[in-house]
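A short write-up of the structure that comes next.
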Amino acid sequence: MPHDGRARTGVSEPRAREADAADTGSPPPVPEAVTSERALTFVGAALTAVYLPGAGNQELRLVETAGGARCEYGLPDRLPLSGDSPAAHTFRTGRPLWLTSEALASYSTGGPTPPRPETSLAALPLGTERGRLGCLVVVGDSADGFEAEQRRFLEQYADAVLAVLRTGTGRPAPSPLLSPALRSLCVGSFVITPDTGLIEADETLLELAGITPDDFDGKADTLLAHALPEDMHALMSVLEPSTQTVGRRELEFRVRRPTGEMRWLSLSCQVAAGCDGRPEQVLGVVTATSVLRQSADDVSRIQWLTAALDDAVTVRDVSRVVVTALGEPLGADRVALAELQDDRLAVTVLDPPEPAAWPQWWRSEWRSEWPDAPVSALPTLQMALRDGRMDLWSAGAALEPGLAGIGAGGLAVLPLPAKGWVAGVCLVGWDQPHEFVPEERFLLTATAALVGQALKRARAHDAEQELATMLQRSLLPRRLPELPGGTAVARYLPAKRGLQVGGDWYDVIALSEDRVALVIGDVQGHSAGAATIMGQMRTAIRAYAVEGHPPDVVVSHANRLLVGMETDLFATCCYAELDMEEGNALFVRAGHLAPLLRHPDGRTEEVQVEGGLPLGILADAEFPMTTCALAPGTVIVMVTDGLVEAVDLPLDEGMDRTRTALAGADPADPGEMADELLGELDPREDDVALLLLRYDGMKTRPIRAGWAVWRLPDAVMHARRFTARALRRWKVEEVTDAALLVVSELVTNGLVHTQGPVRVDLMLRGDRVRVSVSDCSPRSPAKPVIVDWDATGGRGLLLVEAMSESFGSVPVAGGKQVWSELVVPHCDQAHVDSGPRTRRRGLP
């Protein structure tokens, strides 16, 4: 095999550049022409040429060559399409030609001039029957032609040249084809000088190993540091070749990239000897392979299986590796993997997945996509799991109905051991008679041991993630309430690294029929500790909000609570209270991102909310409120920093990007709007929470009236008169008797059992009248358990409950509110004279 120019002249280029590397810290880049020549040399190509049709499509013109000097082989510049040349024949027929030296001699034109007895030639079409754009001609350096592996590479090379050629269609002059095509195949090359330990590596090889050119110092040890220790011995034989290794070598090894990804690389090298017969240079190429090539070498299979299972994280990942490791290499027709969970087998993978490929008993007894069944139903598997040893059943063996049909030609039952217990079982079946040779038994036994350990590890990982998911779901709202005059949606995405549970939270709190609170927050970190604090903060804020406190008081109370918990974590929070009737919003911000608004005309803005310190830092921190008016159609968006900030995304840029997405989203569907704002976030560095509310305005506006009860002997009488006047003005006299009874009982209880002011509030919405009586006692009224004939009290609440459509008590700031709803038959609110309206904050 011919070497590149430096090898033929005996000059070691890395040795010549050693001084430059010491001065600059990294060797100069290798010219692209040199790297292309090296790569083609290792596939037996001495010269590569591209022929394209000329004017009128009557001839083929030589447009580009790569590799050895063109004058050495004398390829013609033009070839007639109707002539007898390999290139013209391939262009006309669309079939590649692989010509040995003897076969090439039968062609009168199109080959090297003068002919050489040690030269072969390959001609590959560039295109399909629908349209051929040219022909790739490769002159080989062996009289026996190209080997099968070399042919596969050259076919891929021709496809890459065609792809580059198609991208340049329509240009006035052909662009370079051969070098870009070779670069797209990711083939790296190198030259090693064993005496110095220096290596000349091109940029493609450095990229395959995960090294940047600036970090490469030209030493072979720098490249070896990225290889896995198990493969170091084979690589050292390339770095330090002996006189017996002069010639060509091939091996496959693994590297660990800086991202943690493991990559398989295939290496082919040629050791060149000096005048004294000692190795002087090692020239080679490296390509990436998705998996280690399957072969009859059982050690290679186990090596690949070990590496693949090391990357398998979940049970599904392990299952896919098992199918790849046993299905095709053993020629198996069916592979099934099942976990052992208590006394049941839970199937995790069936290959093939079609139900028709498995016994009818499975489809009738196991009624789920991933079936499970008691171990006792399958005695063969029960015995194998009990003994913990592999069972091999030859063709025609009598098995129970649950296994009949899985392996008519042979069945392997593999228990999967895992540190003293059995993690599951693997079934491998053949349709045709199969003979289990000793090498195959070794492979099956080794596979079972490796898969059992991986299955146990993956199961623990899945259980951990399932626990984290359940914890996160239990701490966040299961569903958002239906709101009058608006629609709220929320999204939560956990971080993809570490435990998938974090400190982001959101909540929507219905304070009354016309008021709602929105809250979003973020506890420092994304761990179980952060999730615990998050749950406590969400619960506390909900409790303070339901009590009726204004937004600044709610956040202040939550801050004092977190300070008193003496945790090292702090939290940020943004709290908003919306008046759905009037269209007003009050915002409070504690170290959190400001909310965004999308106006009905599509304009977006960041609400300038005066911020306070994060929660948990200073007990006496102040949290000022900011008010904002909302028009129907306005969308409020509250987010956590995981959406708008990352290592490569500054906060300001992230907020601008979110505002742009918000302006372009369609508010008709808030759910789709939220999904568009999330965009593509994989992989996520931090968890993300998003809360969105579209304010539509209330279609039915309530009518209100209020009365402060005087503490006088005839106070109940005045409250009844106020109620009667209001209901008469609203033209809903049908409920007057029931309303007067409710007012009498509730006001009497407030005056008798509490101290401080008592207030009556009436509200008419649609066909319902709501009577509310507020007092200063936080204790809810208790209905009597037993009322006998001699009892002098306790009947009032029972009467109120009997007269009401619904009845209850809610805490409010400084006390409680007892309410009752009455249905007005045949009420038409459009004709109601509302009169003057009264409203007091905190009362529905």
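This one's a predicted model, so the numbers in the text were calculated from it and none came from an experiment.
A salt bridge is defined here as a Lys NZ or Arg NE, NH1 or NH2 lying under 4.0 Å from an Asp or Glu carboxylate O, and R765 with E581 fails to meet this definition. Classification of R759 and D775 as a salt-bridged pair fails, no side-chain N sitting under 4.0 Å from a carboxylate O. D761 has no carboxylate O lying under 4.0 Å from a charged side-chain N of R704, or vice versa, which leaves the two without a salt bridge. Using a 4.0 Å cut-off between charged side-chain N and carboxylate O, R770 and E821 make a salt bridge.
Residues V818 and V800 are not in side-chain contact: their nearest non-hydrogen atoms beyond the backbone lie 4.5 Å or more apart. At least one side-chain heavy atom of S806 sits under 4.5 Å from a side-chain heavy atom of W819. Contact check for L480 versus Y506: side-chain heavy atoms found under the 4.5 Å cut-off. Taking 4.5 Å as the limit, every side-chain heavy atom of V637 sits out of range of all side-chain heavy atoms of P595. In this structure, T572 and D641 have side chains that are not in contact, with every pair of non-hydrogen atoms separated by 4.5 Å or more. You'll find the side chain of P667 reaches within 4.5 Å of the side chain of R598, heavy atoms only. At a threshold of 4.5 Å between non-hydrogen side-chain atoms, the residues M638 and V519 do not count as touching. Between P481 and V516, every side-chain heavy-atom pair lies at or beyond the 4.5 Å cut-off.
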Task: Stepwise side-chain contact (heavy atoms from CB on, under 4.5 Å) test for L678 and L493 - done: CA-CA 9 Å; L678 290 179; L493 298 176; 3.9 Å; yes
Task: Full working for side chain to side chain donor-acceptor pair (under 3.5 Å) between T754 and S777 - done: CA-CA 6 Å; T754 68; S777 173; over 6 Å; no
Open item on the list: The test is side-chain contact (heavy atoms from CB on, under 4.5 Å); show your working for T626 and R589 and say whether it passes.
Closed with: CA-CA 9 Å; T626 302; R589 189 163 62 92; over 6 Å; no
Open item on the list: side-chain contact (heavy atoms from CB on, under 4.5 Å), that's the test. Do Q536 and T539 meet it? Break it down for me.
Closed with: CA-CA 5 Å; Q536 293 171 317; T539 303; 5.9 Å; no
- [ ] Apply side chain to side chain donor-acceptor pair (under 3.5 Å) to D522 and T640, showing your working.
- [x] CA-CA 7 Å; D522 184 3; T640 57; 5.4 Å; no
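Counting heavy-atom neighbours within 6.0 Å of E610 CD, excluding the residue itself, gives a total of 12 or less. More than 12 heavy atoms of other residues, nucleotides or ligands sit less than 6.0 Å from atom CD of E653. The number of heavy atoms from other shown groups lying within 6.0 Å of CG (D601) is above 12.
In terms of modelled atom types and a separation under 3.5 Å, the side chain of S184 and the main chain of A181 share a donor-acceptor contact. Looking at Y492, its side chain never comes within 3.5 Å of a backbone N or O of W505 through a donor-acceptor pair. Side chain of H592 to main chain of A571: no donor-acceptor pair is present (N/O by atom type, distance under 3.5 Å, no hydrogens or angles). S556 places no side-chain N or O within donor-acceptor distance of the main-chain N or O of D552, the cut-off being under 3.5 Å.
The salt bridge (charged side-chain N to carboxylate O under 4.0 Å, His left out) test applied to D696 returns R694, not counting sequence neighbours. Checked against side-chain contact (heavy atoms from CB on, under 4.5 Å), A510 has no partners two or more places apart in sequence or in another chain.
The two atoms that bring T736 and L727 nearest to each other are CA-CD1, 3.8 Å, heavy atoms only. Taking every heavy atom of both residues into account, A619 and N559 meet most closely at O-ND2, 3.5 Å. In this structure, I520 and A689 approach most closely via the heavy-atom pair CD1-O, 3.7 Å. Pairing each heavy atom of V635 with each of L692, the nearest pair is CG1-CG, 3.7 Å. Taking each heavy atom of L208 and C186 in turn, the nearest pair found is CD1-O, 4.0 Å. Heavy atoms only, all atoms of each residue included: F587 and A585 are closest at CE1-CB, 3.7 Å.
Taking the six-membered ring where the residue is Trp, F722 and W707 present parallel rings, their angle staying beneath 30° rather than reaching 60°.
The structure places CG of L643 at 12.5 Å from CZ of R491, a figure rounded to the nearest 0.5 Å. To the nearest 0.5 angstrom, M625 atom CE is 5.5 Å from L586 atom CG. The CG atom of D656 sits 9.5 Å away from atom CG of L651, with the distance rounded to the nearest 0.5 Å. Considering CZ of R725 and CZ of R728, their distance stands at 8.0 Å, rounded to 0.5 Å. Rounded to the nearest 0.5 angstrom, E577 CD and R515 CZ are separated by 4.5 Å. Atom CD of E582 and atom CG of L630 lie 12.0 Å apart (nearest 0.5 Å).
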